[in-house]
Amino acid sequence: KPLRIKNVQKSRGVKPIIVGGMEPTRSILAVPLLARDKIIGVLSVQSWEPDVYTNEDQIFLETLASEAAVAFENARLFEEIRRRLIELESLSQVSASLISVIDLAPLLENILAGARKAIPAAEKGTIFLSEPNNALRLHAMSGYTDPRLIDMVLLDQQGYVTRVARERNPIKIDDAHAGYEIPGNGTIEEIDAVQSGIAAPLIVKGKVIGVISLDNASRKAAFTDSDLRLLVTFASSAAVAIENARLFTETQQRLHRLSALHSIDAAIGASVDIHVTLSIVLEHIMSELKADAVAVLMFNPLTRMLEYT
């Protein structure tokens, strides 16, 4: 309800208001800003003179407060609609990229780009995918530049990303340095600089296949609950696409190796020269396994040792 104080210095329990470093004000007139029967703020005027404001002043200020509250509420609703449209546009773009991209690396980049666009507080982002030993390996990053982050592996208890994977729940981190071990043991400045973040698990058929995380290095508590809900929506769609891309990649690798085995078999059948045959086999092994060196050692029954051919 409205509040009118004739003289603050004579009113018990009311602290004087100092404006611009000058002497405290004496007269105060304050009215609530109401929007849909909910208080969203207060409109207050003060004077250094005592007993300045009248009933007419109060009615005038209440009228202004009513109009201002409507304007504030309309602005809030407009901003909410604008932000929701941006979110929907980003979701639509990401969904299109999930359908059109089957290669894992560009798919992960598209997911992070879409998530950062939809959530303005996100200055950086990462996607970790699960390893067979329950560790998490970094497969994509956005906003980070340190090459030491490439292929980084997080073990259990390292950072909030591992907590998300372990507990299978999204989290909002208002202070990244409170209660979490910093990955890299303080040696990577970009990780140490992170102040707050949000992270969500990537789950397919009840299995956690990774974690998507968005970070802010400028301030603590940079993300809202709405940001976290939106990231969860991203993670739900992204997880299925990532799993499909991984299965596609694995299938392509199997087909490629079957083709290589067929080529080796054909070469072996067409040659009677052991050195030519070994050369073909070693060439395919180096290509398929991306090895830096390959050797064949034959057992010598006379020396009972393995010898290079």
Please report the closest heavy-atom contact between Leu104 and Leu129, naming both atoms and the distance.
CD2-CD1, 4.2 Å

Can you name the nearest heavy-atom pair linking Glu190 to Asp146, along with the distance?
OE1-N, 2.7 Å

Lys/Arg N to Asp/Glu carboxylate O, Asp227 vs Arg229, below 4.0 Å
no

N-O pairing of Lys220 and Asp175 below 4.0 Å
yes

For the pair Arg219 and Gln195, evaluate side chain to side chain donor-acceptor pair (under 3.5 Å) and give the outcome as yes or no after the intermediate values.
CA-CA 6 Å; Arg219 65 187 189 277; Gln195 299 295 312; over 6 Å; no

Would you sort out whether Asn134 and Arg166 count as a side chain to side chain donor-acceptor pair (under 3.5 Å), showing the intermediate values?
CA-CA 9 Å; Asn134 292 325; Arg166 184 175 61 253; over 6 Å; no

Where is the tightest heavy-atom contact between Thr126 and Tyr144, given as atom of each residue plus distance?
CG2-CE1, 3.7 Å

Can you sort out the partners of Arg137 under salt bridge (charged side-chain N to carboxylate O under 4.0 Å, His left out), two or more places apart, ordered by chain and number?
Glu131

If you look only at pairs with a residue in residues 47-59, which of them pass as a salt bridge (charged side-chain N to carboxylate O under 4.0 Å, His left out), with sequence neighbours excluded?
none

Distance check, rounded to the nearest 0.5 Å: Leu34 atom CG versus Ile39 atom CD1?
5.5 Å

Closest contact, heavy atoms only, Gly125 versus Leu214
CA-CD2, 4.0 Å

Tell me, please, which residues at least two apart from Tyr160 pass ring-ring contact (aromatic ring centres under 6.0 Å, His included).
Tyr180

Please examine the side chains of Ile119 and Leu231, heavy atoms only from C-beta on, and report whether any two atoms are closer than 4.5 Å.
yes

For the student: nearest non-hydrogen atoms of Ala235 and Ile212, plus distance
CB-CG2, 4.0 Å

If hydrophobic clusters are built from ILVMFWY residues whose side chains come within less than 4.5 Å, do Ile111 and Ile209 share one?
yes

